[in-house]
Amino acid sequence: MSNKLENLKPERVFYYFGELSRIPRESGNEQAVSNFLVDTAKKLGLEVYQDKINNVIIKKPATKGYENSTGIILQGHMDMVCEKELDSTHNFETDGLDLIVDGNYLRANKTTLGADNGIAVAMGLAILEDKNIEHPEIELLVTVEEETTMRGAMELEENILTGKMLINIDSEEEGWVTVGSAGGREVDIIFNEEKEKFD
């Protein structure tokens, strides 16, 4: 399946998206994808933690010169929306996705694509794999059951993460940034109201 995506860029993001798409990952059926994340982290030589409900945290140390910088948490979820066309025989419990590159579009054959939030997980893994990016400590947090109960986020162990900034890679639209604070401190943020077109 991954070879269908070999010409898509960025290559390593789509490589990981293809690998994730091979694994059934319906909410509540995340053991296999959780184990894939653990195995991938080990292959990359990174510290990894899998909790009792299958949330995964992968840690990559800061590069030289960034050891004292504020750590960053990249966050996504491993489960996906599972819908299919009426005539599809696809079984989300046992079948990987049949990906189709259709001109400028990537889609799945008679099912949802799983890009929410598989693309975030793929982006996170590609960042962790990259040896050329200079960065502070990175923690990739991948939670379970986001599409149904939010159990992964709700039952995340306290004080398990050390980063102070979190980037949630799960959004409905490109070009939008949502800024929040859970620190209890008032913050003034000023954005330029001019809109720029992104190509």
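One distance of note links CG of N91 with OG1 of T111; it measures 12.0 Å at 0.5 Å rounding. Here the CD atom belonging to E129 is positioned 10.0 Å from the CD1 atom belonging to I133, to the nearest 0.5 angstrom. Atom CD1 of I167 and atom CD1 of I138 lie 9.0 Å apart (nearest 0.5 Å). How far CG of L166 is from CG of L141: 7.0 Å, rounded to the nearest 0.5 Å. Taken to the nearest 0.5 Å, the CG atom of L161 stands 4.5 Å off from the CD1 atom of I73. In this structure, L140 CG and L46 CG are separated by 10.0 Å, a value rounded to the nearest 0.5 Å.
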Does N117 form a side chain to side chain contact (heavy atoms under 4.5 Å, CB included) with E146? I'd like the steps, not just the answer. CA-CA 9 Å; N117 199 226; E146 191 273 353; over 6 Å; no
| query | Going through the checks in order, is the side chain to side chain contact (heavy atoms under 4.5 Å, CB included) test met by D87 and K110? | reply | CA-CA 8 Å; D87 63 342; K110 297 188 176 188; 2.8 Å; yes
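Both V38 and L74 belong to a single network of hydrophobic side chains, linked directly or stepwise wherever heavy atoms of I, L, V, M, F, W or Y lie under 4.5 Å apart. Under the 4.5 Å side-chain heavy-atom criterion for ILVMFWY residues, no single connected hydrophobic cluster contains both M150 and V81. In the hydrophobic cluster analysis, where Ile, Leu, Val, Met, Phe, Trp and Tyr join through side-chain heavy atoms closer than 4.5 angstrom, Y66 is grouped apart from L128. Connection of L37 to L44 is established within a shared hydrophobic cluster, with ILVMFWY side chains joined at heavy-atom distances below 4.5 Å, either directly or through further cluster members.
With hydrogens and angles left out, the side-chain atoms of D51 and N55 include a donor and acceptor closer than 3.5 Å. Between the side chains of Q50 and S34, at least one donor N or O sits under 3.5 Å from an acceptor N or O. One side chain, T162 or E137, offers a donor N or O that lies under 3.5 Å from an acceptor on the other.
Under the 4.5 Å side-chain criterion, counting only non-hydrogen atoms from C-beta, R25 is in contact with L20. Within the 4.5 Å cutoff, the side chain of E26 has no heavy atoms near those of the D79 side chain. Contact of the F92 side chain with the T112 side chain is registered, since non-hydrogen atoms from C-beta on lie closer than 4.5 Å. Residues E147 and D116 have side chains in contact (heavy-atom distance under 4.5 Å, counting atoms from C-beta outward). Counting only heavy atoms from C-beta outward, the side chains of Y15 and E19 approach each other to under 4.5 Å. Counting heavy atoms from C-beta outward, M78 and E30 have side chains that approach closer than 4.5 Å. Residues H90 and N109 form no side-chain contact, since every pair of their non-hydrogen atoms from C-beta on lies 4.5 Å or further apart. At a threshold of 4.5 Å between non-hydrogen side-chain atoms, the residues L125 and I58 count as touching.
Not counting sequence neighbours, the partners of I160 by the side chain to side chain contact (heavy atoms under 4.5 Å, CB included) test are Y49, I57, L156, E157.
Annotation: cation-pi geometry satisfied between R12 and Y16 (NZ/CZ under 6.0 angstrom from ring centroid, within 45° of ring axis).
In this structure, S69 and P136 approach most closely via the heavy-atom pair CB-CB, 3.7 Å. Taking all atoms of both residues into account, the shortest heavy-atom contact from K60 to D130 is NZ-O, 2.6 Å. Listed here is the closest heavy atom pair of P24 and G96: CG-N, 4.4 Å.
When atom types are taken as modelled, the side chain of T63 and the backbone of H135 share a donor-acceptor pair closer than 3.5 angstrom. In terms of modelled atom types and a separation under 3.5 Å, the side chain of T40 and the main chain of F36 share a donor-acceptor contact.
The side chain to side chain contact (heavy atoms under 4.5 Å, CB included) test with S21 is passed by exactly one of L106, L97, L5, L113: L97. Among V101, D102, L99, the one residue that satisfies the side chain to side chain contact (heavy atoms under 4.5 Å, CB included) test with R107 is D102.
When the shell of 6.0 Å around CE of M165 is examined, it contains more than 12 heavy atoms from other residues, nucleotides or ligands. Atom CD of E93 sits in a sparse spot, with 12 or fewer heavy atoms from other residues, nucleotides or ligands closer than 6.0 Å. Annotation: N68, atom CG; neighbour count of heavy atoms from other residues, nucleotides and ligands within 6.0 Å does not exceed 12. At most 12 heavy atoms of other shown residues, nucleotides or ligands fall within 6.0 angstrom of atom CG in N104.
The pair K4-D98 meets the salt-bridge criterion, since a charged nitrogen lies less than 4.0 angstrom from a carboxylate oxygen.
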